Structures are given as C-alpha cells and as structure tokens.
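Beneath this line is the structure, given in structure tokens, with notes to follow.
The shown structure was predicted, so the numbers you read here are calculated from the model rather than taken from an experiment. Quick note: numbers below take in every heavy atom, side chains included, and nothing from hydrogens, waters or symmetry partners.
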Amino acid sequence: MRFAYRILARLKSTAQKIITLGKRLLLNLWHWIRGLLRAAASLWRALGPRWFRTGVAVVAVVLAGYTALANYLEPNLTRETVYRVHYLNEGWSDQQRQSYYYTPQGTELLGMDYDWFVNLELPLSHELLASESNMRGWGFVVDPNQRPSKLNPGNLPVGLTRHIDPHSGRERLDIGCATCHTGELHYQGTALRVDGGQALQSIPTAKRGEFITTLGAAVAETLFNPAKWDRFATRLVGDDEDRRRELRAQFWQFAGNMMKFSTTAGAAKYYPVEEGRGRTDAIGRIGNVVFGFDLQEPGNYKVADAPASYPFLWDIWRFDWVQYTGFTNQPMTRNVGESLGVMAPIKLVDADGNLLSGSEFGETVVDIDGMHCVEGLLRSLKPPKWPEHILGDIDIARARAGKALFADQCAFCHGPHIAEPYDWQVADGPDAELPGQIAVNWQWDMAGEVSRRDGLAYRADWRETMWSLPWIATDVIGTDPKLADNFIDNRYDISKLIPDGEPVNAGYGLQLLLNNLVPKLYQQWDIDGAQRVADFDGLNVPFRIENKRAYKSRPLHGVWATPPFLHNGSVPTIYDLLSPLRARPQTFYVGNREYDPQKLGYVIGPAPGSFLMDTTIDGNRNGGHLFTDVDMPGRIGRLLSERERFAIIEYLKVMGNPDFDAALGGDPLNWDNYSQAPVGDSTQQACINSHRSIGIGGDHMLAQESAQ
C-alpha cells in the first residue's frame with residue numbers, strides 16, 4: 001500500500017512539473033508573440049503618415065482578394081500537345097466532314113449570340129474565352145493551328161456553329177450534333193479524330209473552372225467591369241453609342257436567362273452525380289427542360305442522377321431501336337427531342353403558363369434541314385480503322401484467336417443480328433390505336449409511303465437489311481440500372497398537353513409532344529408528299545416508343561476508339577471490361593485523351609482538368625457485363641485468361657475492317673459486306689438549304705460529293 005502511495009505521489013509531482021513547464025512555455029511564447037507584434041506595429045508606424053499606411057493596407061487587401069478570386073475563377077483545363085490530326089473514319093470527303101461539324105440544328109445557349117461568344121474574354125483576363133487552348137482544355141475538339149472557314153468564321157471547336165434567329169435576324173450560337181458526337185484519341189502528339197465518336201467535353205458540368213461556370217463568370221464581369229465591357233462592345237459595335245446601349249440591354253437579358261435557368265432546370269441540386277468529362281444525363285435533362293422549363297411546370301423537375309457517355313453514331317442508321325434503353329426508333333423525333341434538351345427555344349405556353357394554341361404552339365428554330373443533312377451524312381460514315389503506323393502492328397495470330405473467342409463469348413448479344421426490314425403497322429384513322437403506344441398521329445403515320453395488307457396499313461422500311469438490337473434486362477446484364485430505372489419510374493405531369501392526362505415517363509411525354517410538333521415543323525419546312533415525308537422521317541419509319549427496364553446491346557465495330565466503356569463510362573479500358581469485377585478500377589480520372597493502345601482506353605492517372613470517376617456512387621457503378629466463374633448478378637460469360645483477354649482486344653482493333661479480312665481467314669463481321677443505305681434521298685439538298693440559311697450558297701458545300 002505504501003509503495004502505491006509513493007508511486008502516486010511521484011506521478012502527481014511529475015504532472016505538476018509538466019504543467020508548470022507548459023505554463024512557462026506558453027507564457028514565454030506569449031511574450032515572444034507580443035514583442036513581435038509590437039515590433040511589427042513600430043515598423044508599420046515607421047512607414048510614413050497614416051494616409052500612406054491606409055493606402056498600403058487597402059492595396060494589399062485588394063491584391064490579396066484579386067489573387068484569391070483569380071485562383072477561384074481559373075479555368076480547369078487539360079493540358080494537351082498535339083501536332084497533327086489523323087482521321088480514322090472513311091466514307092466522308094473533307095467537305096462532308098466540315099458539313100457534319102458545322103451544320104446547325106437550331107439549338108441555342110439561352111440566346112447567346114455567336115459574335116458574343118467569339119469575343120468574350122476569360123474572367124479577370126484579356127484572353128479570349130474561346131481560344132484554341134482553352135476550348136481544347138475543356139475537352140472540345142480543335143485542330144492544331146486551326147483557321148476560320150466559311151462554315152466556321154469564328155474559328156470555334158467542332159460542333160459549335162450558328163443559325164439566324166428568324167425574328168431578330170441575330171446570329172445565335174448553335175450547339176450542333178458534332179459537339180457531343182466527335183471524339184479524339186491522342187498518342188505521342190497525334191490527334192486521332194473519331195468522327196461520330198464520343199466527345200470528352202463537359203458543357204453541362206456546373207463546377208468551378210469548367211466551361212459553363214467560366215462562361216457565366218465572364219458574362220458577369222463583362223457587365224460589371226467597365227474596362228472589359230468597353231473592349232467587348234468596341235469589338236462588336238465600335239463607338240456607336242446607340243448600338244452599344246442596345247448591345248448592353250441584350251446582354252443583360254442574356255445574363256437574366258442564364259440566372260433563371262441556373263435556378264430552375266439547370267439547378268445543381270437536380271444533378272447530384274457529377275457528369276464530368278464526356279457524360280451527361282441526356283434523358284433527365286431533356287425531361288427537366290421540356291416538361292419543366294418549357295412547359296413551366298416546376299413539379300416536373302426531377303433528379304437526373306444517371307449520367308451516360310455520349311454514344312458513337314456510325315452504323316446507327318441500321319438500328320431498329322436507339323438510345324441506351326432502346327426506347328425510340330425514328331431519327332427525326334430522336335433528333336428533335338435531343339435539340340429541345342440542348343435548349344432549342346420553343347413556345348409551348350404563354351406568360352401565364354397556359355398552353356398556346358394555333359400557330360403559336362410549337363414555334364421554334366429547330367432546323368429540320370440541318371438535322372436531315374447530318375442524319376444523311378452519318379449513313380455513309382464507316383467505323384474507325386486501327387492505324388498500325390501510329391498505334392502499332394496487329395498480331396494476326398492473336399487476332400484470329402480473338403475472332404473465335406468473340407464468336408463464342410460476345411456475338412450472342414452484340415451480333416450484329418441482321419434482319420429483314422420491318423413492316424411498321426401505322427394508324428389509319430382518328431380512332432386507331434396501336435399496342436404499347438400512348439398516342440399516335442394518324443395523319444402523320446399515313447403521310448409516308450403506306451401499303452395495305454389484310455385490312456391493315458403498313459409502312460415498309462426502306463432499308464435493304466437492318467440490325468435487330470436485343471434488349472438485355474438490367475437484372476440480367478447487372479450494369480448500373482439507374483438510367484433505365486429513372487426512365488421507367490420518373491413521371492411528368494402532361495396535363496397541359498392532355499387535360500386530365502395521367503403522369504407519364506419521358507418517352508411517352510415526348511411521344512405526346514412530338515406527334516404534334518414534328519408535323520408542324522414539316523409544314524413549316526414545306527416537307528410534303530409521301531416520299532419526302534418518309535425520307536425525312538428516316539427511311540419511312542413511323543415514330544414509336546418502347547418502355548423496357550433494359551439496355552440495348554449494340555454491335556461493336558470500332559468500339560476500341562470509344563473509351564470509357566459501359567453506358568455510364570464506368571470502366572476505363574476494354575481490358576478492364578473483360579476482367580473480373582475485383583480487377584476493375586473503383587476510381588479513375590477522366591479528361592486526359594492520351595490513349596493506351598494495349599488496354600484500349602484513355603490513360604487514367606490524375607492530370608490537370610480531369611474529373612474523378614467514383615464507381616462506388618449509384619449511377620456510376622461499374623458492375624455487370626462480367627466474365628467470371630462466380631455465380632453472381634451480371635455474369636455473361638466464363639472467366640477469361642489473360643491471354644484470352646488480349647486476344648479479344650487484338651480482334652476488336654480490326655473487327656470488321658475489310659483490310660484485314662483475308663489475314664483473319666475471313667471475317668464474318670466485315671463491314672463491306674453489309675447492305676448500304678438507300679441512295680437518292682434528299683440529304684444533299686437539305687445540307688445546301690441549311691448552309692444557305694447562314695449565308696453560304698453556291699456549290700461550296702456539296703454534301704454528297706464522292707469521298708476523297
């Protein structure tokens with residue numbers, strides 16, 4: 001007991017000594033800090049009179065604030081160095097390619113004028129926002145040392161074009177199809193252009209330093225910084241005071257449009273899963289814009305938390321059903337719906353939110369000729385070819401082994417499953433109903449080329465053959481189901497379109513709207529006569545909707561050039577896709593376009609401008625589509641050995657490429673053996689008409705000239 005007391009006494013004594021020492025150290029530190037502050041105060045007073053010291057303090061605060069703001073507003077740019085462009089796809093001449101890049105579709109960035117965008121400066125800088133280095137850094141596609149052209153006078157990236165507003169006569173910035181459907185792979189200074197491929201820009205991502213937030217900051221500073229406004233206005237209208245006042249009023253209106261949209265359909269709270277580079281929740285955004293913003297129904301704003309990669313477009317004209325969930329079939333309605341989601345202005349309701357009627361309903365600048373032009377051009381685009389002189393030679397023996405493995409493990413789903421063209425049953429009267437369709441426009445159905453059989457009316461698909469794409473249920477394929485679930489489960493109030501109508505999903509909502517809107521647009525564009533209507537519809541295909549909790553399985557020609565993989569871009573390389581789930585990266589960076597020719601995907605390490613893809617988040621899950629011997633959800637094939645994975649990869653590099661048909665001992669997927677699109681349609685004239693609408697006439701752009 002005494003021993004314990006002695007131990008406790010010693011511990012107490014030691015603790016007291018430590019406390020005393022700590023107090024002494026703190027006291028000494030306080031004396032040192034106080035002395036330092038007194039010395040600093042003396043030095044401060046020695047600088048001069050109070051007015052001078054106050055001025056110095058103000059300047060220091062301003063500089064510190066400016067530096068902090070400049071760092072906050074600094075663009076989040078990927079740094080790339082490319083010296084030349086190599087085009088991977090055949091089928092287009094240079095003029096056809098430029099036509100695809102810069103044909104308008106009638107979208108607007110909330111009323112942004114083309115010249116405004118060209119002349120805007122970065123925040124807190126004299127540098128133009130749309131410079132080559134900035135736009136490439138945000139993931140847009142720009143040629144090295146690109147120069148202006150007749151179709152691209154502002155020298156903007158691929159896809160950013162213009163149209164003329166019919167009411168004001170002003171030239172608007174137009175986000176064309178190629179903005180999202182043109183890709184690039186970079187390898188040792190060469191940009192491998194993938195026409196019709198997956199873009200890597202991030203237009204919808206409202207995050208610090210990204211394109212849209214930097215644009216908003218540039219607009220705000222231009223309005224409030226007199227020096228920046230003076231430079232901007234002088235470049236656009238010179239010294240004319242009346243025009244400068246008019247410009248300022250228009251620019252304020254645009255700023256108001258941006259603010260309104262950012263607090264409604266574009267509010268960050270509706271997009272909690274970061275889309276990042278190369279992804280967007282297209283259907284979710286279309287629903288929020290069309291059924292919420294355009295219909296002025298705030299209750300229709302839904303959380304859109306299922307971002308998807310931009311799909312690649314070659315061979316898409318062969319498909320019977322399109323979109324990731326395969327919910328629609330007709331090119332024109334698909335494209336008009338997309339344009340509305342990308343902010344093509346449309347009048348559906350009046351200032352009080354009441355549905356418009358007559359000629360006012362559906363008034364829009366959607367460019368039907370432009371859409372038909374692009375759709376027709378895509379029919380001649382071939383898949384990208386592996387460039388051996390850049391990415392390395394093909395191991396033919398390995399590719400042959402991969403061909404057999406693909407036939408055994410992959411072709412069951414990916415086909416292509418070649419089918420005879422469909423006879424699409426059509427509604428032939430005002431009381432006609434079709435199974436599975438919430439509404440049909442019988443007059444539009446009957447406006448194409450129609451035949452009758454057994455008392456029923458049909459449209460015969462013009463394609464010689466087509467590709468029947470299987471739907472794979474989400475609980476079978478096992479990939480992240482959120483996109484399919486949101487499409488099926490989200491409901492929109494469409495009572496303004498159909499009084500007392502029940503809420504519907506996005507597919508049926510678009511069917512109700514587009515069945516009225518597209519025929520109205522056809523009338524506006526003087527599209528009449530059975531053959532002409534059938535042609536613009538897309539090879540005599542009537543508009544239909546399917547609702548399945550599933551994803552379609554598409555053919556894989558050229559898939560090697562479309563990373564990252566799965567519908568949500570959750571797997572960075574094809575090697576990872578063929579690997580077991582445990583071997584797939586849970587997190588990786590997206591934004592660097594440098595290509596890995598061994599694993600077939602982008603380099604995934606951290607880099608400036610990249611966004612972190614986290615596959616542990618719902619909507620970003622990387623499960624499913626698994627090759628494994630474990631009995632688990634999403635298993636589609638047996639475990640592949642390392643050698644087998646690389647054999648399939650080697651085959652995918654050249655799958656269907658006719659240049660390798662003989663070396664492969666005959667390739668059943670040789671794309672030269674597939675039927676071609678019907679000839680003699682109106683694509684060429686549609687391209688010419690669309691280009692004339694922006695002041696380009698003559699034979700400058702003969703879109704259907706033979707490929708060089």
Between the side chains of [X] and [Y], is a donor N or O closer than 3.5 angstrom to an acceptor N or O?
| X | Y | answer |
| --- | --- | --- |
| Asn547 | Tyr508 | yes |
| Asp165 | Ser168 | yes |
| Asn620 | Arg279 | yes |
| Asn592 | Ser610 | no |
| Arg621 | Thr616 | no |
| His167 | Glu363 | yes |
| Asp305 | Asn486 | yes |
| Gln511 | Asn515 | no |
| Tyr324 | Asn568 | no |
| Thr328 | Gln323 | no |
| Tyr114 | Asn119 | no |
| Thr103 | His691 | yes |

request  = Could you note down all residue pairs passing salt bridge (Lys or Arg N to Asp or Glu O under 4.0 Å) where residues 98-125 supplies at least one of them, sequence neighbours left out?
outcome  = Glu108-Arg172, Asp113-Arg170, Asp113-Arg172, Glu121-Lys228, Glu121-Arg231, Glu121-Arg235
For the backbone of [Y] and the side chain of [X], can you confirm whether one donor and one acceptor N or O come within less than 3.5 Å of each other?
| X | Y | answer |
| --- | --- | --- |
| Arg79 | Ala607 | no |
| Asn490 | Asn505 | no |
| Thr179 | Ile175 | no |
| Arg208 | Thr214 | no |
| Ser309 | Pro311 | no |
| Gln201 | Val141 | no |

Gap between atom [atom2] of [Y] and atom [atom1] of [X] - 0.5 Å precision:
| X | Y | atom1 | atom2 | value |
| --- | --- | --- | --- | --- |
| His181 | Ile316 | NE2 | CD1 | 7.5 Å |
| Ser690 | Asp367 | OG | CG | 4.0 Å |
| Phe117 | Leu173 | CZ | CG | 6.0 Å |

query = Applying side-chain hydrogen bond (donor to acceptor under 3.5 Å, both in side chains), which residue pairs with at least one partner in residues 491-502 are found, sequence neighbours left out?
reply =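 Every side-chain hydrogen bond (donor to acceptor under 3.5 Å, both in side chains) pair that includes a residue of residues 491-502, provided the two are not neighbours, is Asp493-Ser495.
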ask   = What pairs of residues pass the side-chain hydrogen bond (donor to acceptor under 3.5 Å, both in side chains) test when at least one of them lies in residues 336-355, not counting sequence neighbours?
value = Gln105-Glu338
Ring centre gap for Phe293 and Phe261 strictly below 6.0 Å =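 Ring centres of Phe261 and Phe293 closer than 6.0 Å.
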key: Check: Phe536 ring centre within less than 6.0 Å of Trp444 ring centre   = no
inquiry  = Strictly below 4.0 Å, N to O, side chains only: are Glu184 and Arg136 in salt-bridge contact?
reply    =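 Salt bridge flag = no for Arg136 with Glu184.
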Listed partners of Tyr102 passing ring-ring contact (aromatic ring centres under 6.0 Å, His included), at least two apart = none
ring-ring contact (aromatic ring centres under 6.0 Å, His included) partners for Tyr301, two or more places apart = Tyr270
inquiry  = Among residues at least two apart in sequence or on other chains, which ones pass side-chain hydrogen bond (donor to acceptor under 3.5 Å, both in side chains) with Asp485?
reply    = Arg549
message = Determine whether Gln685 and Asp369 satisfy the following criterion, side-chain hydrogen bond (donor to acceptor under 3.5 Å, both in side chains), listing intermediate values before the conclusion.
response = CA-CA 8 Å; Gln685 189 59 51; Asp369 276 330; over 6 Å; no
ask   = Within 45° of the axis and under 6.0 Å from the centre of the six-membered ring of Phe543, does NZ or CZ of Arg334 qualify?
value =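 Because its charged atom misses either the 6.0 Å distance or the 45° angle limit, Arg334 does not stack over Phe543.
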request  = Quick one: sort the Phe251 and Trp229 rings into parallel, tilted or perpendicular, breaks at 30° and 60°.
outcome  = tilted
